[in-house]
Amino acid sequence: GNIDIPDSLQQGNYFIRAFTPHMLNTEEFLLYKKSTTILNKYRKSAGNKPENHLLVDFFPESGYLVDGILTVCAFKATDEYGRPKDISGIVKSDDGTVIASFKSYHDGIGRIPFKPIAGKKYFAEIETDGGKRTFNLPEVLASGINLKVLDEPGGKKFQLSRKEKGTTFFDVVRLAVSINNSLIYDTEVAFEDYPSIVGHLITDSLPSGILQFTVFDKTGKPISERLAFVDNKEYKYTGTITAVAKNFNKKAGNDFEIFFPDEAQRSCSISVVDLNSDENTNVENIWSSLLLTSDLKGTVYNPAWYFTSKSDSIKLALDNLMLTHGWSRFSWAKILANDFPVIKHK
C-alpha cells in the first residue's frame, strides 16, 4: 500500500502507527510506531527551537542498588530531541568522595561499576557546554537481591547476591527465565549460608531474542529483573541476489531474483531501503524490529547497528542497551495479581 501526503502538510516529524482493534486493549507502547520526517519547503513549521538541555537516566542492574554489593549501574544520555548524547563525568557520594569515573560507550549509553553503601546518597557530575551538571543516582536499599548476567560460551552465566541483612527473608528465592513469551527455566534458589549463588543457562539452541530473568521472593513477588540478548544468528542465511532488470530512470522498474539453498528454503520478508553511508543515521530493519525494538519500552536509536557484526564491542553495546530498557510484553506483577487487560475492543 501507500500513503498520499498532501502538499499542505507542514514540515516536521510524524509517526505512522499500525494496529489491530484487539491490540487497543493493551498498553500503547505495544502498538507499532514508526517515526518519519516530512520535508516541505513551502510549509515549514513555525515552532520555536527548544533550549539545549541534557537528560541522563540511571538503571542499576536488576533494578536496585543494594547495600554492599558490587553493582553495574547503566546510564543513558539524550539531548532535547531525544537523540543520544555522549557524556563523561564522575560519581560522587554526598560527603564529596569520588567513587568512580565514567564515559558513554555507544550512543550516549554506558555503565558504571561501584559498590554502593546504604545511608549514602550518590550523584553524577557531568561537564557540559553550559557548565557543570549533577544528576542523582537511585537510592541504595539496605537489603535485597542483586542479579548479574554475563555472556559465556554457549550461554549465560547468572549470579544472585544478597546482603547479610535480611537473609531470613531472602534465604530462598525463585528464578524464572522466559524468551518470546515462553518460560524456559524455572528453579528455586536456596542460599543456605552463602552470600551469592552462581548458575549457568545454555542458550545456543534457543531462538534469538530477548531473555527476561526475573527473581521472586518467597511470597511470589517479583523483586529483581534483568534483560539479556540471545543472538544465535539462526535468522541469517547465505543466499544470492541477481538483478534481472536494472533501470535507474525515475519511477522505472527493477526486477531481482533471490535464491536460497535447499536447506534454507522458507517464506521470507523483504525490505528495500535507501542506502545511506552516514553511520550516525537512525536506521531500523526487519531483524532489529522483530528481535529487539518490538519487545522494549522506550526509543532505541539506530537499532539496526546492533546487528551489523559479531564483534565484542557490539555485544557489549547491546548488553548495555538491555540494561537501559524495560521489557514491554508482560508484567509478572500484573499477572500474579490477576490484573489483565479489559477487553473493550473486539
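Residue Phe340 places its CZ atom among more than 12 non-hydrogen atoms of other residues, nucleotides or ligands, all under 6.0 Å distant. Other residues, nucleotides and ligands contribute at most 12 non-hydrogen atoms within 6.0 Å of the NZ atom of Lys221. For NZ of Lys236, the number of neighbouring non-hydrogen atoms (other residues, nucleotides, ligands) closer than 6.0 Å is greater than 12. When the shell of 6.0 Å around NZ of Lys246 is examined, it contains 12 or fewer heavy atoms from other residues, nucleotides or ligands. For Glu139, the CD atom counts as loosely surrounded, since its 6.0 Å shell holds 12 or fewer non-hydrogen atoms of other residues, nucleotides or ligands.
Both Phe102 and Val140 are assigned to one and the same hydrophobic cluster, defined by single-linkage of ILVMFWY side chains at heavy-atom distances under 4.5 Å. Transitive grouping of hydrophobic side chains (ILVMFWY, heavy atoms separated by less than 4.5 Å) brings Ile314 and Leu292 into a common cluster. A continuous path of hydrophobic side-chain contacts links Leu147 to Val177 [ILVMFWY only; heavy atoms under 4.5 Å]. Under the 4.5 Å side-chain contact rule for hydrophobic residues, Tyr64 and Ile112 do not share a cluster.
Within the 4.5 Å cutoff, no side-chain heavy atoms of Tyr301 are placed close to those of Thr299. Taking 4.5 Å as the limit, every side-chain heavy atom of Val98 sits out of range of all side-chain heavy atoms of Glu125. Side-chain atoms of Tyr105 and Phe75, non-hydrogen and from C-beta on, never get closer than 4.5 Å to each other. Within the 4.5 Å cutoff, side-chain heavy atoms of Pro207 are placed close to those of Glu234. A heavy-atom distance below 4.5 Å is found between the side chains of Asp67 and Ile117. In this structure the side chain of Leu321 reaches within 4.5 angstrom of the side chain of Ile109, judged on heavy atoms. Using a 4.5 Å heavy-atom threshold, the side chains of Lys156 and Phe213 count as touching. For the pair Ser224/Arg226, no side-chain contact is recorded, criterion being any heavy-atom separation below 4.5 Å from C-beta on.
Between Lys76 and Asp107, no side-chain nitrogen of the basic residue sits less than 4.0 Å from a carboxylate oxygen of the acidic one, so the salt-bridge criterion is not met. Taking the charged nitrogens against the carboxylate oxygens, Arg111 and Asp319 do have a contact shorter than 4.0 Å, which makes a salt bridge.
Checking side-chain atoms of Lys148 against main-chain N and O of Leu70 turns up a donor-acceptor pair under 3.5 Å. Under the 3.5 Å distance criterion, the side-chain polar atoms of Asn320 are left unmatched by any main-chain donor or acceptor of His106. Put simply, the side chain of Thr71 gets close to the backbone of Ile69: a donor and an acceptor are under 3.5 Å apart. Panel note: side chain Gln11, backbone Asn40; a donor-acceptor pair is recorded below 3.5 Å. Although no hydrogens or angles enter the test, the distance criterion places no donor-acceptor pair under 3.5 Å between the side chain of Asn180 and the main chain of Ser182. Side chain of Asp86 to main chain of Gly108: a donor-acceptor pair is present (N/O by atom type, distance under 3.5 Å, no hydrogens or angles). In this structure, the side chain of Asp79 engages the main chain of Gly82 through a donor-acceptor pair within 3.5 Å. In terms of modelled atom types and a separation under 3.5 Å, the side chain of Ser289 and the main chain of Ile286 share no donor-acceptor contact. At least one donor-acceptor pair under 3.5 Å links the side chain of Asn302 to the backbone N or O of Val283. Although no hydrogens or angles enter the test, the distance criterion places a donor-acceptor pair under 3.5 Å between the side chain of Ser104 and the main chain of Ile87.
For the atom pair CG of Asn25 and NZ of Lys346, the computed distance is 10.0 Å after rounding to the nearest 0.5 Å. If you take CG on Leu65 and CZ on Phe58, they are separated by 10.5 Å, rounding to the nearest 0.5 Å. Atoms OH and CG, from Tyr42 and Leu9 in turn, are 15.5 Å apart once rounded to the nearest 0.5 Å. Within the model, atoms NE2 of His53 and CZ of Arg133 stand 8.0 Å from one another, a figure rounded to the nearest 0.5 Å. Once rounded to the nearest 0.5 Å, the distance linking OG1 of Thr240 with CD1 of Ile258 reads 9.0 Å.
Annotation: side-chain contact (heavy atoms from CB on, under 4.5 Å) contacts of Pro153 (sequence neighbours excluded): none.
A cation-pi arrangement is found for Lys33 relative to Phe15, the charged atom lying closer than 6.0 Å to the ring centre and inside a 45° cone about the ring normal.
Annotation: Tyr122 is in aromatic contact with Phe114 [ring centroid separation under 6.0 Å]. Taking the six-membered ring for Trp and the full ring otherwise, Trp332 and Phe216 have centroids separated by under 6.0 Å. Aromatic pair His345/Phe19: centroids not less than 6.0 angstrom apart.
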For this session: Would you please test Lys120 and Asp95 for salt bridge (Lys or Arg N to Asp or Glu O under 4.0 Å) and show each step?
Result: CA-CA 8 Å; Lys120 290 183 176 292; Asp95 60 7; 3.2 Å; yes
Atom pairs and distances, donor-acceptor, side-chain atoms in residues 186-205, under 3.5 Å, two or more places apart:
{"from": "Asp186", "atom 1": "OD1", "to": "Arg174", "atom 2": "NE", "distance (Å)": "2.9"}
{"from": "His200", "atom 1": "ND1", "to": "Glu152", "atom 2": "OE1", "distance (Å)": "3.2"}
{"from": "His200", "atom 1": "ND1", "to": "Glu152", "atom 2": "OE2", "distance (Å)": "2.7"}

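The aromatic rings of Tyr235 and Phe307 stand perpendicular to each other, their planes meeting at an angle above 60°, with 30° marking the opposite boundary.
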